[in-house]
Amino acid sequence: MENWQAIIATITFVTVIFLVMTEWIHLTIAAFLGAVLLVFLNVMTLPEAIGYIGQSHGTLGLFFGIMVLVRAFEPTKIFDYLATQMVIFAKGRGNLLLLAIVGITTPICAVLPNATTVMLLAPLIPPMAEEVGINFVPLLILMVFVANSAGLLTIVGDPATFIVGDAINLSFTDYLFRLSLGGVIAIVTVVATLPFLFRKIWNTKLENLNQLPHPQINHPRVLAVGGLIIAFVLLFFVVGESLPVPISPAAAALLGAALAMLLAHHTKIDTVNHILRDVDWSTLIFFMSIFVLIGGLEKTGVVQGLSGVLATILGKNIALGSIAILFFVGLVSSVVPNIPLVVAMVPLLKQYVVNVGLVGAEVLSPDFQGQLPPEVLPLFYAMMFGATLGGNGTLVGASSNIVAAGIAEQHGRRITFQRFLRYGIPVMTLQLITSALFVIVRFLL
C-alpha cells in the first residue's frame, strides 16, 4: 500500500485521539469526521469502510439490543426501585455502597461481556447516587473498572479474552485453571484503591434512611413478562453458542429487544418512537467510526509494521516478550478500544512466533484447531491482560467506558476525558504491575 495512505491513516487516527483527549469537540463527532475523511481522501472506499463496520456486527448488534431492552422497561420504574433497595442494603454508608457495586458487578461480568453488564446495571447508579446526595460519575467509573477487571474471570467475560482464547483454542475450563486467578487479583487491586481514589464517597454516610424516596414499581404484570424476556436473553448469552444451531449473543439481544418493544407497544406503557429515540446513537456511531479508523491502519499496513518492529526488538526471548507485550498492549489499549486492537494483534502475534521460528506456519491457517507449544502461550496470556486492563486507563480504552459515558450524558452529566484519567491511570498502572507479576510467577518461573 502506498506510503501516503499510511501517513493519512496514521495522522487521522492520532488527530482523533488528540481531539478526544482535549475535548475540543465531542468524541463522536471527532471519530465520525475522521472515518469520513478516510473515505473522502481515498484511503478506503465506502464499501470497504462499511465492511470494517460489518466485521464488528456482533458487537454493534449486542449493544443496540441491550440499549433497547433496558429502555423499554424504564416506565416500570424498576431501576429507581432497585437503586433505593441498594442504598437501604448499604445502610446509607458510602463504603458499603462502593463495595456493593463491586459485589454486584463482579459475578455478572464473569458470565456476560463487560459492556453488556454496564448497560444492564448502570441505570441503577444515577438514582442511587441522588438518594445518597453524591455525584454519580465516580460510581459509574468504578463500575467500569470492576466490569473490565472481572472480564478476566472467565473466557467469555470480555471480548478481548474470548478473541485471544479462541485464536489459541483455549477451552472455558482451561482458562479457569490457568488465568482466572489473574482476574481475582485485578479486582482485589481495584478494591484496595477504594479508600484512596474514592475517599469522599467512602466516608459518606446518610444519617436518616427514612428520608429516602420509596418509588413504587409501575405495571408489575408487564415487568413480570419483561423479566421472562430478560431471563431468556441471559440464558442464550450463556448457552446459545453451544447449541446445535448456534445463537450468538447479538442475535439473542436483538430478539429480546424486539420482544420488549412488542410488549411495551401492546401494553401501551410506551411508544416504539420514544424507545428508539432514547437509544444511545452517539455511542453506536462512535464505535462504528473507530472500527473504520482501525481498519484504515490495518489496510495501509501500519499495524503490521509496528508488529514487525516488535519482533525485531524481542527476538526469541519469551519472558521479555511476554512482559513487553503486556505493557505495550496495555498502554496502546488505553487509547485504542481493545476489541479492534486485539482483532488486529492476534494474527500479528501469530506471525511473530512463526517468523522467529517458535512454531510452524500451520498456526496461521484460519482452520487451525491444534494447540500452540506451552512455551509461547505466555505471550498470548500477556496480551489478554494488557488489552483488558489497559482499557481502564482512559475514557476510550474499552467499550464499557464509552457505554458508561453515554449513560452519564443521558442523565445530564459528562464523564470528561481528564476526569476519567485521574481515576484510570492509577488503577491501570497498579493492575498492569500486579498482572505482570502474576504472569511471571505463574508461567515464566
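Everything quoted here is computed from the prediction, not taken from an experiment.
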Taking [X] for its side chain and [Y] for its backbone only, find out whether a donor-acceptor pair lies under 3.5 Å.
X	Y	value
S333	G390	no
S180	L153	yes
T388	F385	no
Q5	N42	yes

State, yes or no, whether a side-chain contact exists between [X] and [Y] at a heavy-atom distance under 4.5 Å.
X	Y	result
L27	I402	yes
M44	T300	no
R93	T204	no

Listed once per pair and sorted, the salt bridge (charged side-chain N to carboxylate O under 4.0 Å, His left out) pairs that draw on [range], sequence neighbours left out:
range	answer
residues 433-442	none
residues 38-55	E48-K299
residues 138-157	none

- Please lay out, stage by stage, how F64 and W281 fare under the test ring pair (Phe, Tyr, Trp, His ring centres under 6.0 Å). CA-CA 9 Å; F64 175 76; W281 296 106; 5.6 Å; yes
- Message: Taking side-chain contact (heavy atoms from CB on, under 4.5 Å) as the definition, give me every residue that meets it alongside I11, ordered by chain and number, with sequence neighbours left out.
- Response: I7, T15
- Message: According to side chain to side chain donor-acceptor pair (under 3.5 Å), does anything in residues 62-75 pair up with another residue at least two apart or in another chain? List the pairs.
- Response: R71-D270, R71-D278
- Item | Of all pairs that satisfy side chain to side chain donor-acceptor pair (under 3.5 Å), the ones with a partner from residues 396-405, not counting sequence neighbours | N148-S400, N148-N401
- Residue pairs passing the ring pair (Phe, Tyr, Trp, His ring centres under 6.0 Å) test where at least one lies in residues 396-425, sequence neighbours excluded: F145-F420, F198-Y423
- Task: Only pairs at least two apart or in different chains count here, so list each ring pair (Phe, Tyr, Trp, His ring centres under 6.0 Å) that has a residue in residues 20-45.
- Result: F18-W24
Once ring pair (Phe, Tyr, Trp, His ring centres under 6.0 Å) is applied, do any residues pair with [X], and if so which ones, sequence neighbours excluded?
X	result
Y381	F443
F327	none
F287	F63

Using residues 432-439 as the side-chain source, report each donor-acceptor pair under 3.5 Å to any protein atom, sequence neighbours left out, with the distance given to one decimal.
| unit_1 | atom_1 | unit_2 | atom_2 | d |
| --- | --- | --- | --- | --- |
| T434 | OG1 | L430 | O | 3.1 |
| T434 | OG1 | Q431 | O | 3.0 |
| S435 | OG | Q431 | O | 2.9 |
| S435 | OG | L432 | O | 3.0 |

- Taking atom CZ of R199 as the centre, report whether more than 12 heavy atoms of other residues, nucleotides or ligands fall under 6.0 Å from it. no
